[in-house]
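Here is the structure we will look at, set down as structure tokens.
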Amino acid sequence: PETNGLDSRRARSEATRRALMRAAEKLIAERGIGAVSIRGIVSAAGQKNESALQYHFKNLDGLIAAIHQSRSAEIQLRRTELLDALQARPGPPTLREICSLMVQPAFDLARSKPDFRRYIKAFGHEIALAEDSALAVASRGGGEGSRKLGLMLRAELGHLDTAGYRRRMEAAVRLCSASMYHQAGRKSAFRGQQAELFFHSLVDALEGLLSAPVSGETRRLAAAEAKSKGR
């Protein structure tokens with residue numbers, strides 16, 4: 001009986017955490033984070049006590065961090081499934097197939113789960129607008145699937161040196177972020193033929209961005225930058 005009571009309390013606690021996270025996603029997607037309050041999130045989650053959020057997450061920043069952690073875990077699980085399926089096939093994957101793994105995990109989740117679509121609408125622009133490294137923000141909670149994907153991409157992009165590879169990946173993750181955020185705001189987001197067209201066009205763009213040759217002008221400017229930094 002004591003064990004059953006403990007399990008019941010844990011289940012209620014987890015249900016409260018999920019309700020608060022989903023309520024925050026919904027409100028931020030609708031209003032923007034600047035117009036959302038702890039009181040509003042607690043009310044939207046069906047909680048009577050405003051201290052529920054502080055109890056589970058300490059503050060709003062803690063709640064948002066928990067949301068990102070939970071969604072990152074979903075993305076990584078789906079990416080691992082897709083990676084395993086790709087690697088089980090005979091022959092090496094093409095660059096386009098590898099590029100699709102940058103987009104498809106989140107795309108599949110958004111297509112099947114309305115609450116994940118709200119998550120992208122609420123936070124999808126963060127990577128595109130990151131002031132420092134968008135790649136670092138995108139790698140938050142990366143996991144083994146992301147590590148494998150990075151290794152596969154690096155092996156395919158031998159025409160880029162280390163700095164050039166990082167610049168291309170920065171542009172690629174910002175493109176993914178901005179495109180997914182824009183798609184999430186559409187009336188028929190992630191549904192039907194229009195969504196399929198969006199997905200394949202984005203993968204096309206990623207493949208072109210990453211595989212494009214390095215121009216002489218880029219080489220000259222990169223060399224000048226490296227020299228100015230004493231490298």
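Worth saying up front: this structure is predicted, and the values here are computed from it rather than measured.
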Are I98 and E156 side-chain neighbours, meaning at least one heavy-atom pair lies under 4.5 Å? yes
Any side-chain heavy atom of F107 sitting closer than 4.5 Å to one from E196? yes
side-chain hydrogen bond (donor to acceptor under 3.5 Å, both in side chains) against [X], all qualifying residues, sequence neighbours excluded:
X    : result
R117 : none
T162 : none
Q87  : none
E81  : R78

Holding to salt bridge (charged side-chain N to carboxylate O under 4.0 Å, His left out), I want the full list of residues that pass it with E126, two or more places apart in sequence or in another chain. R140
Carboxylate-amine/guanidinium contact R96 D204, below 4.0 Å: yes
Check R174 with E170, please: is the shortest side-chain N to carboxylate O separation under 4.0 Å? yes
Assess whether atom NE2 of H182 is packed by more than 12 heavy atoms of other residues, nucleotides or ligands within 6.0 Å. no
What's the separation between atom CD in Q104 and atom CD1 in I75, rounded to the nearest 0.5 Å? 13.0 Å
Measuring from Q183:CD to R191:CZ, what's the distance to the nearest 0.5 Å? 9.5 Å
With sequence neighbours left out, what residues match R219 under side chain to side chain contact (heavy atoms under 4.5 Å, CB included)? V214
Name the residue from R31, R71, R118, K121 that meets the salt bridge (Lys or Arg N to Asp or Glu O under 4.0 Å) definition with E25. R71
Checking E30 against K26 for the salt bridge (charged side-chain N to carboxylate O under 4.0 Å, His left out) test, could you report, in this order, the C-alpha distance in whole Å, the side-chain angles of both residues, the deciding distance, and whether it holds? CA-CA 6 Å; E30 291 173 351; K26 185 174 185 296; 2.7 Å; yes
